[in-house]
Amino acid sequence: MSSAGSPQGDEPGERGDFIRNLIRQNLADGTFGGRVQTRFPPEPNGFLHIGHAKSICLNFDLAAEFGGTCNLRFDDTNPETERADYAAAIEEDVRWLGYRSDRGALYASDYFDQLYRWAEDLIRAGLAYVDDQDAEAISENRGSFTEPGADSPWRNRTPEENLDLFRRMRAGEFADGERVLRARIDMAHENMLMRDPVLYRIRHRVHHRTGDQWCIYPTYDWAHGQSDAAEGVTNSICTLEFDAHRPLYDWFLDHLDLLGDRPRQTEFARLNITHSVLSKRRLLQLVEEGHVDGWDDPRMPTLRGLRRRGFPPKAIREFCRHIGVARVDGTVEVELLESFARRELNQTAVRRMAVLNPLRLVIENYPEGQVEMREADNNPEDPSAGARKAPFSRELYIERDDFMLDPPAKFYRLSPGREVRLRSGYFVTCTGVETDADGNVAEVRCTYDPETGSGQAPDGRKVRATIHWVSAAHAGEGRAVLYERLFADPHPGADGADPMESLNSDSARLIGNARFEPAMADIAPGQVVQFERLGYFARDPDTPDLFHRTVGLRDEWARIQKRQSAR
RNA sequence: UGGCGAGUAGUUCAAGUGGCAGAACGCCUGGCUUUGGACCAGGAGGUUGCAGGUUCGAGUCCUGCCUCGCCAGCCA
């Protein structure tokens, strides 16, 4: 079955994206002895977002599809920015997304000893040297895109001298920035990254795992490939900006004494989403400037934000599989993510009636004081979800939007003289309204047809609309937040603009006086429920009376209104 | 300015190694329905960045050009 456009297939021999094709080819020619091992390597210096999810899903799915393994490995080579609590949060988020690292959490810092030994090997081979130049001088002597760099005056030190100096660096004899260890490659190389890259820098800093054991720390380039090799990674998958690092990645591994195969780096395009930003810097700015309530604000594209918002992990996984991988930068429409949330939630979320903007409805011919329990399916898509009972009485609340005194064309809901169905209740016909001093509709009057309790009229007459309701005397009260796009512009910051300029000032609208049917009490903290006809809402984990709108239902009437007003 | 990477419906991706340019989301029509939801059926939407060339035949191969992204941290 599926091939084009649905890369989630795991049938061998099926065509797919360039990464899967590569792995299949490796498998066929025995490159890694039939092994497939990947890794997800975040730096523990912030929270994971939907862009990371793409990488997580790719790496773990690849391993699962080809019978391999995938590890979570923290790239913790820079003690200045990293923290243990970030690492813990990342582990939690990966688990929440639905993946388990095959060997628990691994750390680049676990390889500091091995990395150090490899560095000494390189020095002994005359391929690395200690440079006394400061950062500014190194930068100046690197040259430019069009001009070659200049050799450091310390480039030709003997291996003995380099070894001595490097050991003294490690022993703490020098201050931060006083010396670095550099690879001895080619200061005129057309790839700037090959112009004697820095391997170690001095940082007298406490590391969140190794404490004060080290005062020299490996750079990303020196640590990454070797960490991959150390743990047996076959396919090291990273984003496009590391493309230029690949020759370096290979150079190091080619000049070291490895136990196993040389891992292979492959790059793919990172994810962008419309009406959002994903750079760490912008996300941090949103939090620090108070545009959102924190890293787990439901408007944030962080996994914690999406979780609080009610996005099911499965929907995120399916989304990531659907968008596939390529080497072209692009921006996915946020509507696609939402459509995956709807698809999943439609199958799994229980239904409840909630009225967000209450309008009193009085049924004139329904006996005062009478209450009957109406049965309603928990989920029409899933009979095994059972049913609940909702109290029905003479005075109800309906949605203010479901009534119009003077209805325009194509408005099928309640209006004077018109009959509609109350969901899981009876047919009612509007007989009139009560208005307040300002002439606003304060209450709608109607009569009900006791013969329509089955949902159908015995005489076969039809109604065009079914609306939701709650019994006024039995309703619970609560609050709901309606979210819109955080950024009004689909591409915030495009053409050099400041993304913050397009912040949507109305991205969170609080509804303070929503009314719920009593069975809303069954909804657990964090659980997502469908408010019938309105959308999916997640009960806040900490504030039980608060619901976050995950995503609305498709709204045909809203679309008609939009079209009419556009005319 | 040098190097590398990339250009296929609005968007994201497909289209063994030259053989009828497709899917999903979005949009439009219709059907069905106790959610104007879901579901079902259909439709619109393409000069495959541009210009040449090779070939019976080019999204795919060749040449030139254009546009976009990344690279001059002791960040990752």
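Only this structure's heavy atoms are used, side chains among them; waters, hydrogens and symmetry mates stay out. A note on names: the letters A, B, ... follow the listed sequences, proteins ahead of strands, and every chain is numbered from 1.
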Just checking, is any N or O donor in the side chain of N141(A) or Q133(A) under 3.5 Å from an acceptor N or O on the other one?
-> yes

So what does R413(A) hit on the nucleic acid, given a heavy-atom distance under 4.0 Å: a base, only sugar-phosphate, or nothing?
-> base

Rounded to the nearest Å, what distance is computed from the CZ atom of residue R342(A) to the P atom of nucleotide G37(B)?
-> 11 Å

When all nucleic acid strands are considered with a 4.0 Å heavy-atom cut-off, which category describes T466(A): base, sugar-phosphate, or nothing?
-> sugar-phosphate

Would you say the side-chain atoms of R182(A) and S152(A) include a donor-acceptor pair closer than 3.5 Å?
-> no

Any side-chain donor paired with an acceptor under 3.5 Å for E43(A) and T81(A)?
-> yes

Answer yes if the side chains of Y249(A) and D228(A) hold a donor-acceptor pair under 3.5 Å, and no otherwise.
-> yes

R421(A) vs U33(B): side-chain N/O to OP1/OP2 distance below 4.0 Å = no

Would you call the rings of W557(A) and F411(A) parallel, tilted or perpendicular if under 30° counts as parallel and over 60° as perpendicular?
-> perpendicular

Between the protein and nucleotides 28-30 of chain B, list every N/O to N/O distance that falls short of 3.5 Å.
none

Across the strands shown, which category fits F411(A) at heavy-atom distances under 4.0 angstrom: base, sugar-phosphate, nothing?
-> base

Check whether any side-chain N or O of Q530(A) sits under 4.0 Å from OP1 or OP2 of G37(B), and answer yes or no.
-> no

Partners passing salt bridge (charged side-chain N to carboxylate O under 4.0 Å, His left out) against E241(A) (at least two apart in sequence or in another chain) = R270(A)

May I have the distance from D402(A) (atom CG) to G37(B) (atom P), rounded to whole angstrom?
-> 14 Å

Pull out every protein N or O sitting under 3.5 Å from an N or O of nucleotides 66-69 of chain B, one pair per line with the distance.
| from | atom 1 | to | atom 2 | distance (Å) |
| --- | --- | --- | --- | --- |
| G69(B) | O2' | D329(A) | OD2 | 3.2 |

Residues which pass salt bridge (charged side-chain N to carboxylate O under 4.0 Å, His left out) with R351(A), listed by chain and number, not counting sequence neighbours | none

Consider the side chain of Q456(A), meaning its heavy atoms from C-beta on, and name the nucleotide among U34(B), G5(B), G36(B) that approaches it most closely.
-> U34(B)

If we ignore angles and hydrogens, is there a donor and acceptor under 3.5 Å between the side chains of D221(A) and T219(A)?
-> no

Stems for RNA chain B (at least 3 consecutive Watson-Crick or G-U pairs, under 3.5 Å) come to B:2-7 with B:66-71, B:10-13 with B:22-25, B:27-31 with B:39-43, B:49-53 with B:61-65

Results of side-chain hydrogen bond (donor to acceptor under 3.5 Å, both in side chains) for K410(A) - residues two or more places apart only | none

In the 5'-to-3' direction, what one-character label does each nucleotide of nucleotides 70-76 of chain B receive under the scheme B = base within less than 4.0 Å of a protein heavy atom, S = sugar-phosphate only, - = no such atom?
-> SBBSBSB

Could you state the atom-to-atom distance from OH of Y249(A) to C1' of C4(B) in whole Å?
-> 19 Å

Can you find a donor-acceptor pair, distance only, under 3.5 Å between E532(A) side chain and G37(B) base?
-> no

Protein-nucleotide distance (F18(A), atom CZ; G5(B), atom P), rounded to Å = 13 Å

RNA chain B: 5'-proximal contact among R464(A) and E190(A) (nearest heavy atom) | E190(A)

Residue pairs passing the salt bridge (charged side-chain N to carboxylate O under 4.0 Å, His left out) test with at least one member in residues 418-428 of chain A, sequence neighbours excluded, are E419(A)-R461(A), R423(A)-E532(A)

Would you mind classifying the nucleic acid contact of R423(A) as base, sugar-phosphate or nothing, using non-hydrogen atoms under 4.0 angstrom?
-> base

With heavy atoms under 4.0 Å as the rule, sort S339(A) into base, sugar-phosphate or nothing.
-> sugar-phosphate

By nearest-nucleotide position on RNA chain B, the 5'-leaning member of D243(A) and I467(A) is D243(A)

Sticking with atom C1', work out how far C27(B) lies from G69(B), rounded to a whole angstrom.
-> 30 Å

Residue list, side-chain hydrogen bond (donor to acceptor under 3.5 Å, both in side chains) with Y107(A), at least two apart or on another chain = none

Will you find, in the side chains of R179(A) and Y200(A), an N or O donor that is under 3.5 Å from an N or O acceptor?
-> no

Rounded off to whole Å, could you give me the CD-to-P distance for the E381(A) and C40(B) pair?
-> 10 Å

C1'-based separation of G2(B) from G49(B) [nearest Å] | 24 Å

What distance, rounded to whole Å, do you find between the two C1' atoms, one in U8(B) and one in C68(B)?
-> 16 Å

For nucleotides A9(B) and A51(B), find the distance between their P atoms and express it as a whole number of Å.
-> 16 Å

If you measure from the C1' atom in C4(B) to the same atom in G45(B), how many Å do you get, rounded?
-> 35 Å

What nucleic acid atoms does T331(A) come within less than 4.0 Å of, heavy atoms only: base, sugar-phosphate, or nothing?
-> sugar-phosphate

For G43(B), does the O4'-C1'-N9-C4 (purine) or O4'-C1'-N1-C2 (pyrimidine) torsion place it in syn, i.e. within 90° of 0, or in anti?
-> anti

R351(A) has an atom CZ; how far is it from atom P of U35(B), in whole Å?
-> 11 Å

Can you tell me how far C1' in A76(B) sits from the matching atom in A14(B), rounded to whole Å?
-> 33 Å

Report which part of the nucleic acid G46(A) touches: base, sugar-phosphate, or nothing (heavy-atom distance under 4.0 Å, all strands).
-> nothing

Will you find, in the side chains of Y129(A) and R184(A), an N or O donor that is under 3.5 Å from an N or O acceptor?
-> no

Salt bridge (charged side-chain N to carboxylate O under 4.0 Å, His left out) against R352(A), all qualifying residues, sequence neighbours excluded | D522(A)

Qualifying residues under side-chain hydrogen bond (donor to acceptor under 3.5 Å, both in side chains), relative to E375(A), sequence neighbours excluded | K389(A)

Over how many whole Å does the gap from K462(A) atom NZ to G36(B) atom P extend?
-> 15 Å

When you check the glycosidic angle of G73(B), does it come out syn, meaning within 90° of 0, or anti?
-> syn

C13(B) to G26(B) separation - C1' atoms, rounded to the nearest Å | 15 Å

Partner residues of R209(A) under the salt bridge (charged side-chain N to carboxylate O under 4.0 Å, His left out) criterion, sequence neighbours left out = D110(A)

Whether Y217(A) and H207(A) hold their rings parallel, tilted or perpendicular, with breakpoints at 30° and 60° = parallel

Mind checking the P distance from A24(B) to C62(B)? Whole angstroms is fine.
-> 33 Å

Tell me: CD1 of I19(A) to C1' of C13(B), nearest whole Å?
-> 14 Å

